[in-house]
Amino acid sequence: MEFRPLATESPYAWRIAPQGRMRVPAIIYADHMLIEAMDHKVFKQLSNVASLPGIQQAAYAMPDAHWGYGFPIGGVAAFDPDEGGVVSGGGVGFDISCGVRTLHTGLTLDQLRPHKKALADLLAVAIPAGLGSTGTIKLTHREMDQMLIGGAAWAVQQGYGSEADLLRTEEHGCMAGANPADVSEKAKERQRREMGTLGSGNHYLEVQLVAQVYDAETAAAFDLREGEIVISIHCGSRGLGHQIGTEFLKFMATKAKDHGIWLPDRELACAPIESKLGQSYLGAMRAGINCALANRQILTHLTREVCDDVLPGTQLTLLYDVSHNTCKRETHRIDGKEKQLFVHRKGATLALGPGHPDLPDGLREVGQPVIIGGSMGTESYILAGVKESEKLAFSSACHGAGRAMSRHQATKRWHGRNVIKELETRGILIRSPSLRGVAEEAPGAYKDVSRVVDVAHQAGLSRKVARLEPLICVKG
DNA sequence: ATGTCC
């Protein structure tokens with residue numbers, strides 16, 4: 001069967017009509033060039049997702065979509081538990097609650113410039129990065145369970161930040177419904193020394209310049225001004241999330257037949273939301289969300305300490321913290337009827353429009369900050385959630401540039417040392433323990449994030465507010 | 001993404 005997306009009335013939306021066992025259509029948000037360049041495996045994977053039990057409305061792909069484990073990365077799918085809807089480990093991904101937070105520094109480029117190198121060097125020392133990196137914090141069993149229940153709120157109680165940070169964190173920094181008992185001892189053991197660490201791959205801590213504001217009013221509400229410095233942290237739940245993903249994918253694949261679920265692809269392993277296994281995954285996955293929130297909160301604390309050393313008196317305040325690998329229970333209208341759905345976003349950012357009750361004062365009027373992380377050496381974007389994306393993709397937007405080339409291909413094409421040198425001539429300081437990692441993350445291995453963001457804007461998924469240019473990048 | 005296969 002050929003799963004070919006066809007043009008719709010919108011130049012930024014493409015549709016695969018239901019065929020075979022698909023229960024709903026698949027919709028891909030892209031322009032002509034992005035859809036032409038998109039890996040055909042995305043269309044197949046999205047069509048597979050569209051055939052899962054209880055799926056609502058359509059399976060969606062964001063403009064940065066690329067092939068992933070089971071679900072495409074950049075995929076959004078919502079399921080109704082009352083219609084046999086499922087929850088899928090592959091629909092969340094291995095890096096549970098990977099996300100980005102952006103912090104204001106209140107500094108201008110002129111204030112930063114004389115201290116830039118020192119800041120890069122000290123951040124590289126203070127922020128543990130790389131595969132298997134560990135920090136100075138070692139949690140006891142009791143602390144681990146408290147962290148898995150409390151998330152960033154737990155981290156703040158431990159002295160890593162303030163209540164103000166929690167107001168600007170999705171779910172107020174604490175995901176309800178987490179159950180540490182659903183997380184294996186092995187997953188907890190892996191995480192014991194990994195709190196406050198960045199990890200590897202596309203994770204980073206970046207010092208950025210607000211290079212351009214597109215929407216002055218919203219930028220003012222977000223406290224973003226051209227010429228000012230911000231810091232963005234992109235990471236997730238480290239070994240714990242990965243272990244949860246690995247274990248539950250195995251359980252879900254084994255149990256699928258007992259649950260009467262036909263799997264178009266073994267990687268799409270899932271369980272009914274109402275089943276024991278489904279509930280157990282949700283308890284563990286929500287604990288994973290809290291782990292990621294706590295991790296980014298601790299990294300924020302470490303960053304504050306460094307900034308205060310290099311530029312005494314600097315105050316880092318949080319613009320927003322939002323995840324892009326989750327499954328969340330949300331209220332949505334389907335055919336005019338309000339329903340409680342379980343929305344999977346894998347490599348797709350939550351993007352709540354103006355007026356949404358989950359947004360805090362000061363943001364509710366303008367919409368949620370949607371943080372789109374670029375790849376190393378490229379620009380990032382701050383967007384704002386819009387109301388119409390509720391109908392278009394359950395209030396979701398793209399999450400980054402999206403890979404255009406495999407890691408293996410990238411290492412054959414670039415050398416880490418040359419990539420660092422090249423970026424340095426453009427004034428971008430890279431600090432990484434892994435030259436191979438740097439080669440894998442070479443800017444050329446990714447799609448053009450500006451095009452992806454323009455399409456997200458044009459398609460009505462979110463609207464552009466500001467562009468950020470990198471100055472310092474601490475990589476895993 | 002990931003102690004890149006306990």
Side-chain angles (χ1 to χ4, degrees), chain A residues 45 62 64-75 88-100 128-135 137-139 144 183-205 233-250 253 267 269 281 284-285 287-289 291-293 295-296 299 322-327 344-349 373 375-376 399-412 416 432-441 445-446 474-476:
Chain A
Q45 289 192 320
M62 301 293 107
D64 53 338
H66 55 110
W67 171 78
Y69 186 95
F71 274 57
I73 295 159
S88 166
V92 173
F94 286 90
D95 190 8
I96 295 168
S97 200
C98 180
V100 193
L131 193 67
S133 53
T134 52
I137 300 161
K138 188 174 173 187
L139 299 186
M144 176 64 68
V183 180
S184 72
E185 282 310 313
K186 189 173 177 182
K188 293 175 187 174
E189 189 54 41
R190 276 183 73 169
Q191 193 59 30
R192 274 188 88 185
R193 292 172 58 85
E194 289 193 347
M195 294 310 294
T197 67
L198 208 49
S200 68
N202 65 358
H203 292 167
Y204 59 75
L205 183 149
I233 300 171
H234 177 206
C235 65
S237 53
R238 305 285 289 106
L240 181 122
H242 189 267
Q243 190 63 34
I244 292 170
T246 305
E247 290 169 8
F248 275 93
L249 273 163
K250 209 186 286 171
E267 290 188 359
Y281 175 71
M285 188 268 308
I289 291 179
C291 176
L293 295 175
N295 193 29
R296 290 196 286 275
L299 284 164
V322 62
S323 298
H324 49 236
N325 284 356
T326 57
C327 176
H344 296 67
R345 293 187 185 82
K346 181 189 191 182
T349 305
S375 50
M376 182 182 63
H399 83 308
R403 287 202 82 88
M405 193 184 286
S406 74
R407 294 186 174 278
H408 183 70
Q409 275 177 296
T411 53
K412 288 209 280 196
S432 172
S434 166
L435 285 174
R436 184 173 131 192
V438 170
E440 288 178 355
E441 292 292 319
Y446 280 82
V474 178
K475 285 292 292 184

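Naming: A, B, ... by sequence-line order, numbering from 1 per chain. In this text the structure is predicted, and so the values were computed from the model without any measurement.
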Colleague: So, for A:T197 and A:R238, which heavy atoms are closest and what is the spacing to 0.1 Å?
Modeller: OG1-NE, 2.7 Å

Colleague: Mapping A:R403 and A:L131 to their closest nucleotides on DNA chain B, which lands nearer the 5' end?
Modeller: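 Closest to the 5' end, via its nearest nucleotide, is A:R403.
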
Colleague: Round to a whole Å and report the spacing from CD1 of A:I96 to P of B:dT2.
Modeller: 12 Å

Colleague: Considering just the side-chain nitrogens and oxygens of A:S200, establish if one lies under 4.0 Å of OP1 or OP2 belonging to B:dT2.
Modeller: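 Yes, within the criterion.
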
Colleague: Tell me the interatomic distance from A:F94, atom CZ, to B:dC5, atom C1', rounded to whole angstroms.
Modeller: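 Nearest whole value for this atom pair: 13 Å.
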
Colleague: Would you please name every residue forming a ring-ring contact (aromatic ring centres under 6.0 Å, His included) with A:F94, sequence neighbours left out?
Modeller: A:Y69, A:H242

Colleague: Ignoring hydrogens and angles, tell me if any N or O in the side chain of A:R192 forms a donor-acceptor pair with the backbone of A:L139 under 3.5 Å.
Modeller: yes

Colleague: How close or far is atom P of B:dT2 from atom NE2 of A:H408, stated in whole angstroms?
Modeller: 21 Å

Colleague: Any base atoms under 4.0 Å from A:G245, or only sugar-phosphate, or nothing? Heavy atoms, all strands.
Modeller: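 Since no nucleic acid heavy atom lies under 4.0 Å of A:G245, the category is nothing.
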
Colleague: A:N295 has an atom CG; how far is it from atom P of B:dT2, in whole Å?
Modeller: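 So the two atoms are 10 Å apart, to the nearest Å.
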
Colleague: NZ of A:K250 versus P of B:dT2: gap in Å, rounded?
Modeller: 19 Å

Colleague: What integer distance in Å separates A:Q243:CD from B:dC6:C1'?
Modeller: 11 Å

Colleague: Would you kindly give the NE2-to-C1' distance between A:H242 and B:dT4, to the nearest whole Å?
Modeller: 8 Å

Colleague: Which atoms form the tightest heavy-atom contact between A:R403 and A:A410, and what is the distance?
Modeller: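 Scanning both residues completely, I find the closest heavy atoms to be NH2-CB, 4.1 Å.
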
Colleague: Heavy atoms only, 4.0 Å cut-off, all strands: where does A:G201 land among base, sugar-phosphate and nothing?
Modeller: sugar-phosphate

Colleague: Whole angstroms only, please: what is the OH-C1' distance between A:Y69 and B:dT4?
Modeller: 15 Å

Colleague: Taking any heavy-atom pair under 4.0 Å as a contact, classify A:E440: base, sugar-phosphate, or nothing.
Modeller: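 It contacts nothing in the nucleic acid.
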
